[in-house]
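Remember, it's 1-based here, ligands and their atoms both numbered in the order they're listed. Counting begins at 1 with the first residue of the sequence.
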Amino acid sequence: MKRIFTLIFIPALLLIGCQSEDAGAGEGEKIEAVATIAQIADIVENVGGEHVEVKNLMGPGTDPHLYKPVSSDIDAMEEADIIFYNGHHLEGQMNEIFGKMNEEKPTYAVAETVPEDLLASDPENPEVYDPHIWFDIELWKYAVDSVTEGLIEADPDNEEEYQNNAIAYKEELDELHTYAKDSISEIPEESRVLVTAHDAFQYFGEAYGLEVLGLQGLSTESEYGVNDIERITETLTERNVKAVFVESSVSEKSINAVTEGAAEKGHEVEIGGELFSDAMGPEDTEEGTYIGMFRHNIDTIVEALN
Ligand SMILES: [Zn+2]
């Protein structure tokens with residue numbers, strides 16, 4: 001009897017203690033989470049539901065490879081109960097702060113939970129993994145599991161709800177995966193070539209059957225040269241590809257160099273539209289959700305290459 005009393009009573013006392021110090025989430029309080037990119041914030045919102053408040057650090061059009069945290073980001077991370085970031089050096093300027101935060105609170109690198117044998121490496125630096133895993137939905141589900149695990153650790157009382165939300169979200173992702181496969185297969189095989197400014201779509205190409213060519217490397221920090229333009233315009237001409245794509249978080253300048261290079265070879269290539277690569281669309285729009293962003297990319301690619 002005494003033991004039962006202890007089991008029930010001690011946690012209740014601890015909970016009261018937590019509430020008065022305003023640390024962690026007590027009864028009726030929300031977990032405060034920080035996510036570095038909107039793709040991750042979207043998972044936190046979907047899995048966390050009403051129990052979690054998430055702040056996303058990088059808004060529409062922001063390039064995570066180059067982004068330097070501002071003081072309000074540091075404050076948000078200091079105040080958060082839990083932090084989720086992508087990892088594999090996507091947030092190239094933030095490693096130090098993640099290290100520091102990891103000593104203070106649960107800090108999860110969601111992309112780093114994907115088994116290594118499923119990861120692609122950087123062709124230029126084989127020891128570095130490609131961080132853009134949200135573009136293969138099967139891999140992104142590992143990130144969903146990582147967020148779910150984090151939220152349960154931070155707030156075990158709502159475990160069942162987080163688990164159920166995760167299952168429902170992954171079902172939606174499965175539908176999206178099928179939609180992507182079916183849609184891309186409508187493009188004539190020869191024209192399944194995706195040209196963008198930086199190499200964000202390696203996993204996407206692998207998963208959905210497109211050859212992917214990026215002018216810059218995996219990070220927008222890398223430079224491109226005449227050889228890169230030559231390499232890409234050659235493929236465009238050979239395979240009679242009609243369009244290349246702008247990325248919402250990268251300047252148009254580089255992709256314009258490709259259309260100009262192709263024109264010099266006598267091959268007309270148009271800009272097929274804007275794709276969301278490392279950032280998503282504005283909040284409160286369809287493209288501001290992971291699923292809406294992904295569908296936008298698929299529809300834009302299929303329309304332009306068909
Ligand atoms: Zn990128």
Query raised in the report: Hey, are the side chains of Y142 and I133 touching, using non-hydrogen atoms and a 4.5 Å cut-off?
Result: no
Report task. Could you tell me whether E138 atom CD has more than 12 heavy atoms of other residues or ligands within 6.0 Å of it? Result -> yes
Requested in this report: Using 2.8 Å as the cut-off, note every protein N, O or S atom close to the Zn ion (ligand 1).
Outcome: H65 NE2, H132 NE2, H198 NE2, D278 OD2
Requested in this report: For the residue pair L151 and V47, establish whether any side-chain heavy-atom pair is separated by less than 4.5 Å.
Outcome: yes
Query raised in the report: Will you find, in the side chains of H198 and D63, an N or O donor that is under 3.5 Å from an N or O acceptor?
Result: no
Requested in this report: Decide, yes or no, whether a salt bridge links K100 with E78 under the criterion of side-chain N to carboxylate O below 4.0 Å.
Outcome: yes
Query raised in the report: Does R239 pair with E211 as a salt bridge, N-O distance under 4.0 Å?
Result: yes
